[in-house]
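Some notes on the structure that comes next.
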Amino acid sequence: MRAAILLMLVALAGCGKKTTGTLETQAREALAQTAGKLQLTGLAKPVEVRRDQWGIPHIYAQTVEDLFFAQGFVAAQDRLFQIEMWRRTGAGELAEILGESYVERDRFARLVKYRGDMQAEWTSYAPDAKIIIESFVRGVNGYIRHAGDKLPIEFQLLGARPGEWKPEDCLLRIVGLLMTRNVVQEVDRARLVARLGPEKAADLLPPDPLTKHEASPAFPLDGIDQRVTKTLQAAIGPVRYETEPGSNNWVVDGTLSATGKPLLANDPHRPVVLPSLRYLVHLVGPGWNAIGSGEPALPGIALGHNERVGFGFTIVGIDQGDLYVEKTDGKNRYQVKGDWREMRVEKEKIRVKGKSDPVEVELKFTEHGPVIFEDPERQRAYALRWVGAEPGGAGYLASLSAARAQNWKEFLAAMERWKLPSENHVYADVDGNIGWIAAGLAPVRKNWSGLLPQPGHAGEREWAGFLPLSEHPQKYNPPEHYVATANHNILPRGYRHQLGYEWNPGFRFQRLDEVLRAGKKFTIEDFQKLQHDFTSLVAREFVAMLKKAPAGAGGEARKMLEAWDCVLSKDSGAAALYELWLRRLTRQYIATLGPEDLRDVLDRRMSHRNVLDLLAKDPAEKRHALLLGALREAAQEAEKTLDEDMAGWRWGALHHIRFHHPLAFDAERRKLFDLGPVERGGDANTVNNTGGGGFNQTSGASYRQILDVADWDRSVATSTPGQSGQPGSPHYEDLLPLWAEGKYFPLAYTRATVEKHTRNILILEPKK
């Protein structure tokens with residue numbers, strides 16, 4: 001589970017047992033040993049772990065089992081509290097350490113666990129996935145046993161201990177559910193359609209490609225509201241209303257590269273938190289020589305390269321879930337084509353902190369999936385059909401195959417295994433080939449869109465299997481010599497399949513395309529600059545609209561914006577004014593588009609693309625009055641919050657990122673745990689995505705990579721705030737200054753380069 005979500009859970013837990021000594025001393029005393037020798041049960045042969053100056057472990061093992069045992073051990077050394085909370089969130093074991101208020105969240109996590117054929121599940125990810133995962137889990141447990149009472153400071157503050165990991169803990173589904181956002185969007189669309197009608201709803205939130213909302217008088221949408229997904233949203237963590245997480249990736253072939261070989265860039269955008277969601281590692285063993293970033297609680301790497309192939313991904317908007325509204329008798333029976341059936345009911349016991357007896361909960365299922373909400377008054381039950389219930393539906397684990405692909409054919413075979421989350425995968429190899437494929441399990445819906453909740457009792461709108469990977473959008477050595485994606489609509493013109501209708505607006509992609517199609521010979525430095533690009537195409541359009549307002553109106557504020565280059569640098573006064581203007585303008589305009597009780601939906605779902613398109617259709621007088629009125633108010637706000645003199649306005653003075661640890665309840669804890677604030681440029685629509693609630697950055701790229709196929713040792717990365725999640729470690733915050741300044745460190749790959757940058761050597765030996 002996402003670290004931001006996990007740690008926010010802990011914030012509600014309150015203080016645990018009292019501790020002695022200073023927090024700084026306790027934190028340092030809990031740090032793991034990263035140099036010397038350790039003897040461990042579970043190893044067959046010695047393993048060498050070289051940590052470089054940036055805290056990246058380079059693991060050299062003689063067997064696959066030892067390699068992944070060591071990865072689990074090392075990940076636990078750096079991130080034990082984070083990965084333990086990840087495990088408890090997915091396994092439904094939070095109440096055991098956080099109390100009774102987490103029982104319902106635990107129940108939901110257990111509701112969406114995989115319940116299918118385990119043989120099919122294991123082999124879906126890789127032929128040896130079970131061996132790898134079992135070894136990784138033994139390594140995590142090995143560190144827990146080795147640490148004993150010397151646990152990270154968070155466990156001490158909470159008075160809690162990590163549990164025993166099982167291989168099935170790496171198969172938990174909550175991670176994937178977080179990425180299957182369409183179910184929540186279905187409820188929002190249903191609210192709009194029920195109140196405003198299908199045409200008006202489509203006007204405000206247009207599907208892409210355009211299609212009709214299948215609203216039927218025989219299936220009323222009234223009563224479908226946020227209650228339906230309340231527990232689901234709680235289970236996957238806080239919803240960020242101001243921006244959608246996204247990513248960028250692109251790859252150019254040798255004709256567009258100064259080296260004559262491909263360059264691949266990737267910067268996945270997710271919550272930027274403490275500790276980082278990403279963990280870098282280099283895995284060297286039989287069949288493995290891969291370096292890059294992955295989930296700290298999972299084996300392998302998800303983004304990076306091996307000896308022949310580089311790879312990266314961004315989210316692609318395949319609709320991977322549907323909400324079915326079952327007609328019930330108000331109890332445990334539901335109707336299918338006129339016949340009544342009994343829900344499957346399972347009972348489980350949840351251990352609760354402070355209670356001697358566990359709490360028994362019921363888990364209910366229809367033929368469509370787990371029941372996530374019941375409305376006895378309307379005799380409805382809401383069931384979730386999603387790809388996470390299929391074999392191979394654990395997020396990111398198919399990277400165990402992708403990270404070992406040696407060519408495009410093998411990479412495509414690995415993509416057959418990639419079920420969830422759906423991703424735009426980009427590819428480059430040492431032979432000079434580049435490629436892209438939109439991978440992920442794609443349900444086939446015949447003659448219906450999946451945009452709205454569906455009546456389960458009718459039995460007319462069911463999945464008809466899954467789209468073969470060969471029919472997914474893809475390119476191999478395209479004539480343009482480059483491929484770029486940024487969560488935008490990637491459907492080729494004339495594409496005949498329905499993958500989805502909800503995409504990120506294309507502003508980031510359009511900026512990437514604008515730069516890449518220039519056709520120059522790009523360098524790593526060029527791509528570093530592009531990953532940190534603050535040019536706003538949204539600002540260009542809004543300012544162009546402002547320029548059409550009557551001459552003479554708007555005063556100095558208008559002159560400032562019209563003379564601006566639309567680059568959201570942190571030192572720009574025009575950028576500060578623009579952001580204040582944009583916030584007022586969009587909120588005021590959205591408030592005119594629908595009734596007040598739908599304002600939350602419109603605030604969440606309407607993109608700046610929607611606002612621009614609707615504004616363009618309005619009468620010029622109305623549009624100009626809104627633009628100029630909001631600008632006048634924004635200038636007044638800037639004078640109050642920044643400086644009376646426009647020369648003193650700066651975007652960075654408003655726009656920050658703070659790394660806050662939810663256990664930092666007082667000054668002493670804040671001093672130990674918290675980092676920042678750091679001034680930021682950009683916003684949610686720039687290539688360097690720095691979006692978030694208010695003017696605080698909460699999402700974006702915590703990890704970036706630029707891979708040089710011509711010489712892997714020239715590849716670079718950036719991450720934040722550090723490799724370790726333990727305060728007091730030299731790698732708790734050492735990467736933050738580099739990240740904040742847009743600077744990179746090398747991804748040391750060859751043995752000689754790794755040795756050059758090594759700072760600590762830890763030898764893990766079999767216990768005699």
Side-chain angles (χ1 to χ4, degrees), residues 181-182 185 188-189 191-193 195-213 241-244 246 317 319 449 451-452 485-491 493 495 499-514 535-549 561-562 566 568 578-579 581-595 598-631 634 683-687 689 691:
R181 295 187 295 270
N182 176 261
Q185 292 166 348
D188 282 345
R189 283 189 181 272
R191 290 176 61 194
L192 286 179
V193 172
R195 285 292 309 278
L196 305 177
E199 291 79 14
K200 179 65 174 177
D203 189 43
L204 295 176
L205 297 182
D208 185 12
L210 287 174
T211 190
K212 291 183 178 180
H213 289 110
Y241 296 126
E242 303 251 348
T243 181
E244 288 287 330
D319 182 355
S449 67
L451 285 168
L452 293 171
T485 80
N487 319 113
H488 66 295
N489 185 343
I490 47 75
L491 302 179
R493 182 174 297 178
Y495 187 68
L499 288 187
Y501 295 91
E502 296 170 319
W503 316 88
N504 196 280
F507 299 114
R508 284 184 286 110
F509 165 74
Q510 290 161 16
R511 176 56 180 164
L512 293 174
D513 196 56
E514 179 179 80
T535 300
S536 172
L537 301 196
V538 180
R540 284 184 188 173
E541 293 199 40
F542 275 110
V543 172
M545 193 174 279
L546 177 66
K547 288 180 178 179
K548 295 179 181 179
L561 288 182
E562 291 184 349
C566 295
L568 293 166
Y578 162 76
E579 292 289 347
W581 177 53
L582 182 67
R583 182 168 68 167
R584 286 182 174 272
L585 174 63
T586 53
R587 287 180 177 176
Q588 289 173 11
Y589 186 63
I590 287 173
T592 70
L593 296 176
L598 293 178
R599 194 76 43 78
D600 63 316
V601 175
L602 298 178
D603 284 342
R604 273 199 300 276
R605 301 299 176 209
M606 287 197 71
S607 70
H608 290 122
R609 178 76 272 154
N610 298 147
V611 172
L612 281 163
D613 291 345
L614 290 171
L615 270 172
K617 297 177 183 178
D618 283 342
E621 184 177 354
K622 174 184 176 183
R623 179 170 63 251
H624 296 154
L626 181 66
L627 294 172
L628 293 169
L631 180 58
D683 66 9
N685 292 303
T686 51
V687 171
N689 179 345

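Asn487 and Arg508 share a side-chain donor-acceptor pair at under 3.5 Å.
To the nearest 0.5 angstrom, Leu627 atom CG is 10.0 Å from Tyr589 atom OH. Put simply, OG1 on Thr592 and CG on Asp618 are 7.0 Å apart, with the number rounded to the nearest 0.5 Å. Taking CG from Leu602 and CZ from Arg599, the interatomic distance works out to 7.5 Å, rounded to the nearest 0.5 Å. Summarising the geometry, atom OG1 belonging to Thr485 is positioned 8.5 Å from atom CG belonging to Leu512; distances are rounded to the nearest 0.5 Å. A distance of 10.0 Å separates CZ in Arg605 from CG in Leu192, rounded to the nearest 0.5 Å. With rounding to the nearest 0.5 Å, the separation of CZ in Phe509 from CG in Leu537 is 11.5 Å.
Side-chain atoms of Leu614 and Leu204, non-hydrogen and from C-beta on, do get closer than 4.5 Å to each other. Contact annotation: the side chain of Leu451 never approaches that of Lys212 to less than 4.5 Å [non-hydrogen atoms, C-beta and beyond]. Ser449 has its side chain out of reach of His213: every pair of non-hydrogen atoms, C-beta onward, lies at least 4.5 Å apart. Residues Val687 and Thr535 are not in side-chain contact: their nearest non-hydrogen atoms beyond the backbone lie 4.5 Å or more apart. Side-chain atoms of Leu196 and Pro595, non-hydrogen and from C-beta on, do get closer than 4.5 Å to each other.
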Next on the checklist: Assess the residue pair Arg609 and Glu541 against the criterion (side chain to side chain contact (heavy atoms under 4.5 Å, CB included)); give the C-alpha distance rounded to whole Å, side-chain angles, the decisive distance to 0.1 Å, and a yes or no.
Outcome noted: CA-CA 10 Å; Arg609 178 76 272 154; Glu541 293 199 40; 2.9 Å; yes
Item to check | From CA spacing to verdict: side chain to side chain contact (heavy atoms under 4.5 Å, CB included), Thr686, Val538 | outcome: CA-CA 9 Å; Thr686 51; Val538 180; over 6 Å; no
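When all heavy atoms of Arg189 and Leu205 are compared, the closest pair comes out as NH1-O, 2.9 Å. Smallest separation of non-hydrogen atoms from Asn685 and Asp683: N-OD1, 2.9 Å. For the residue pair Val193 and Ala201, the shortest heavy atom distance occurs at CG2-CB, 3.7 Å. The nearest pair of heavy atoms linking Leu561 to Trp581 is CD1-CE3, 3.7 Å. What you find for Tyr501 and Pro209 is that their closest heavy atoms are CD2-O, 3.1 Å. When all heavy atoms are compared, the tightest approach of His488 to Gly506 is CB-CA, 4.1 Å.
Ion pairing of Arg191 with Asp600 is present here, as a side-chain N (NZ or NE/NH1/NH2) and a carboxylate O approach within less than 4.0 Å.
No donor-acceptor distance shorter than 3.5 angstrom exists from the side chain of Trp503 to the backbone of Ile490, with no hydrogens or angles considered. When atom types are taken as modelled, the side chain of Arg584 and the backbone of Ala630 share no donor-acceptor pair closer than 3.5 angstrom. Side-chain N or O atoms of Arg623 include one that pairs as donor or acceptor with a backbone N or O of Leu615 at under 3.5 Å. Of the possible polar contacts, none joining the Asp613 side chain to the Asn610 backbone as a donor-acceptor pair under 3.5 Å is found.
Ring-plane geometry between Phe542 and His608 is classed as perpendicular, the angle between the planes exceeding 60 degrees on a 0 to 90 degree scale with a lower cut at 30.
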